[in-house]
There are 2 protein chains.
Amino acid sequence: MKTRDKILLSSLELFNERGERNVTTNHIAAHLAISPGNLYYHFRNKSDIIYEIFLEYEKLVDYYLQIPDDRQLTVEDMTFYLESVFDGLWSYRFFHRDLEFLLDSDERLRRDYRDFTNRCLAAIDRIFEGLAAGGVIQPQPAELRGAMSLNVWLVITNWMAFLKTAHATELSTSLTLAELKQGIYQVLTLELPYLTPQYRDAVMAIRERYRPELPSVDERS
Amino acid sequence: MKTRDKILLSSLELFNERGERNVTTNHIAAHLAISPGNLYYHFRNKSDIIYEIFLEYEKLVDYYLQIPDDRQLTVEDMTFYLESVFDGLWSYRFFHRDLEFLLDSDERLRRDYRDFTNRCLAAIDRIFEGLAAGGVIQPQPAELRGAMSLNVWLVITNWMAFLKTAHATELSTSLTLAELKQGIYQVLTLELPYLTPQYRDAVMAIRERYRPELPSVDERS
DNA sequence: GTATTATTAGAGTATATACTCTAGGGAGTC
DNA sequence: GACTCCCTAGAGTATATACTCTAATAATAC
C-alpha cells in the first residue's frame, strides 16, 4: 500500500480510537514507523489529512443514501438505510466528536460539511416520501416531514455522543458497533406514530431487534 | 466581586465565545488583567475551572427541572420547561461542544455528567407523565415514554451543534438565543402525534412561534 | 504595631505540537 | 555512469500551553 494511503488509514484508526484532539501528526508518523518529514511530504498539514478522510466519509454516505426514483420504498430499504448510515458513522466515528473545532479551523471542510448535511437531510426526507408511497408510513405534509427528517438527523448524529457520555460505566468499556446500532431503536421510535396499520407490526419487530439493554429510566437515577 | 468568581465568569464567557479548546488559562488571566500565578492560586488547573462551571450549570438545570408532584402539568408548564432548558443550554453553551474531551480528561466530571444526564432523562420522563395526567398528551407505556424522553434529550443537546455546523452561512454570523430556541420547534415536533385533540391546536400554535426561518429541505440542496 | 494569613505579580519552565529543512537512498532511463 | 524523480529519514525549530516559584503586597487578627 502507498505511504499516502497508509497515513490516511492510520490517522482514521487513531482518530477513532483516541479522538482527533489526542492524536498528533507525530503520533501518526510514529504509529506507522515513518518520519514526520515523510508524513509532511504527503500532506501539507493535519487539516489536509482530516479533509481527505472527510471526503471518503462523504463519498461513502452519499453512496449509501442513493435513492431509487423508479420505485417505492420498502421496510427492507428502510432497514438497509439505517444499517448503512450507522455503519458509516461507526467507521468515521471520530468525525462528529470534534466536529465544531474541525469546521472552525478549515473553511473548505465547513462549506463541504454544510452541503453534506443538507444532502443527508434531503435524502432522509425523500426516504420518508418513498416509504409513504410504499404504504409503510402515512403521508405527511412537507413541513412536518422536513421537521421529522431533521429530528432523525439529530438523533442519529448525537447517539454516539450520548452513549459515550451517559452510558459510560466506570470501566472504560469501549464502544461497539452493536451498541451504536441501538440508535436505530431510537430512530424507529420517531417513526412509530406514523406507521400504517399494515406495516406497524413489522416495523415494531425490527425495532425490537435493536432495543438497547440500558436500564430503564426509572432504574437509572 | 471576588477574583475567584471573576475567573469563573470570564472563563465561561470566553469558553462560550471561542470554545474551550481555543481558550488557555493565559488567555483567561490576560482577559481579566491578572497574572497567571494569580489564576493558579485560585484554581489548581484548567479542569477545576471547568468542573466548577459544570456544577453551576448542573445546579441551574436541576433547579429548572423541578417537577411538582402535587399537581398535573399544563401546556404552560411545558413551555416553561422548554424555555428554561434552552436558556440554560445557551448560558453554558461551550459545555456540550467539547463534551467528550472534557469527560475524558476529568473523571469527576464524567461521573457527575452521567448522573446529570440520567436525572435530566428522568425529569423529561416525569414531565411527559405529568402532561399525560394533565390531559395534554395521550398516556403511553413506560417503555415508549422512556424512548421518547431520550429522543427529546438527543434533539435538545444536538440542536446547537446542528445550527453551528449546518446552518452556518459564509459569514461567521454568531448564534443568537432566539435561533437556539428554534430547537423548541423540533422538540414539539416530537410530541405532535401524541397530543390529545383538546390541546392539539394550542400546542401547534406554540410550536409555530418557534418555527425556524430555515430554507425548507427542498430549497436547501 | 506586629504577626499572620490571603492574595497577587510576573518571570520562568518543562513539555508538546505542528511543521521545516537538508541530505540522501532507490529505481528507472539513457 | 550519470541523471532524474519520487520518496524517506531525522534532526531541528518556533510557538504555544499548562503550570510553578519566589517575592512582595494587602488584609486581618491580636
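Chain letters run A, B, ... following the sequence lines, proteins first, then strands; residues in each count from 1.
- Among the nucleotides C:dT17, C:dC19, C:dT8, the one closest to the side chain of B:H42 is C:dT8.
- At C:dT7, none of the side-chain N or O atoms of B:N38 fall inside 4.0 Å of OP1 or OP2 (strictly under the cut-off).
- For A:T25 and C:dA18, the shortest distance from a side-chain N or O to OP1 or OP2 is below 4.0 Å.
- Checking each of A:F95, A:F94, A:Y92 against A:F15 for a ring pair (Phe, Tyr, Trp, His ring centres under 6.0 Å) leaves exactly one that passes, namely A:F94.
- Between B:K2 and B:G37, the residue anchored closer to the 5' end of DNA chain C is B:K2, taking for each the nucleotide with the nearest heavy atom.
- One atom, CG of B:D48, and another, C1' of D:dC19, lie 13 Å apart when rounded to the nearest Å.
- Residue B:I34 is in sugar-phosphate contact alone, with no base atom involved, counting any heavy-atom pair closer than 4.0 Å across all strands shown.
- Checking B:E83 against B:Y210 by side-chain atom types alone, a donor-acceptor pair falls below 3.5 Å.
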field: Test side-chain contact (heavy atoms from CB on, under 4.5 Å) applied to B:I34 and B:I7, step by step
entry: CA-CA 10 Å; B:I34 66 172; B:I7 293 171; 4.2 Å; yes
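- Between B:I49 atom CD1 and D:dC19 atom C1' the separation is 12 Å, expressed in whole Å.
- Summary of the strand contacts: B:R44 and A:R4 both lie near DNA chain D, and taking for each the nucleotide with the nearest heavy atom, the more 5' one is attributed to A:R4.
- Of the candidate nucleotides D:dT8, C:dA11, D:dG10, C:dA11 has the atom lying nearest to any side-chain atom of B:P36.
- Put simply, B:T3 has a side-chain N or O that comes within less than 4.0 Å of OP1 or OP2 on C:dT8.
- At D:dT17, none of the side-chain N or O atoms of B:N26 fall inside 4.0 Å of OP1 or OP2 (strictly under the cut-off).
- As rounded to whole Å, 11 Å separates atom C1' of C:dT7 from atom CD1 of B:I7.
- The phosphate of C:dA18 (OP1 or OP2) has no side-chain N or O of A:H27 nearer than 4.0 angstrom.
- Phosphate contact (OP1/OP2 of C:dG10, side-chain N/O of B:S35, threshold under 4.0 Å): absent.
- One can place CD of A:E20 at 12 Å from C1' of C:dT17, the figure rounded to the nearest angstrom.
- For B:Y40 and D:dC19, the shortest distance from a side-chain N or O to OP1 or OP2 is below 4.0 Å.
- Aromatic pair A:Y57/A:F116: ring centres closer than 6.0 Å.
- Between the CZ atom of B:F43 and the P atom of D:dA18 there is a distance of 15 Å, given to the nearest Å.
- Regarding contacts with the backbone of D:dC7, a side-chain N or O of A:Y41 is found under 4.0 angstrom from either OP1 or OP2.
- What you find for A:W159 and A:E179 is that their closest heavy atoms are NE1-O, 3.5 Å.
- Following rounding to the nearest Å, B:K46 (NZ) and C:dT15 (P) show an atom-to-atom distance of 20 Å.
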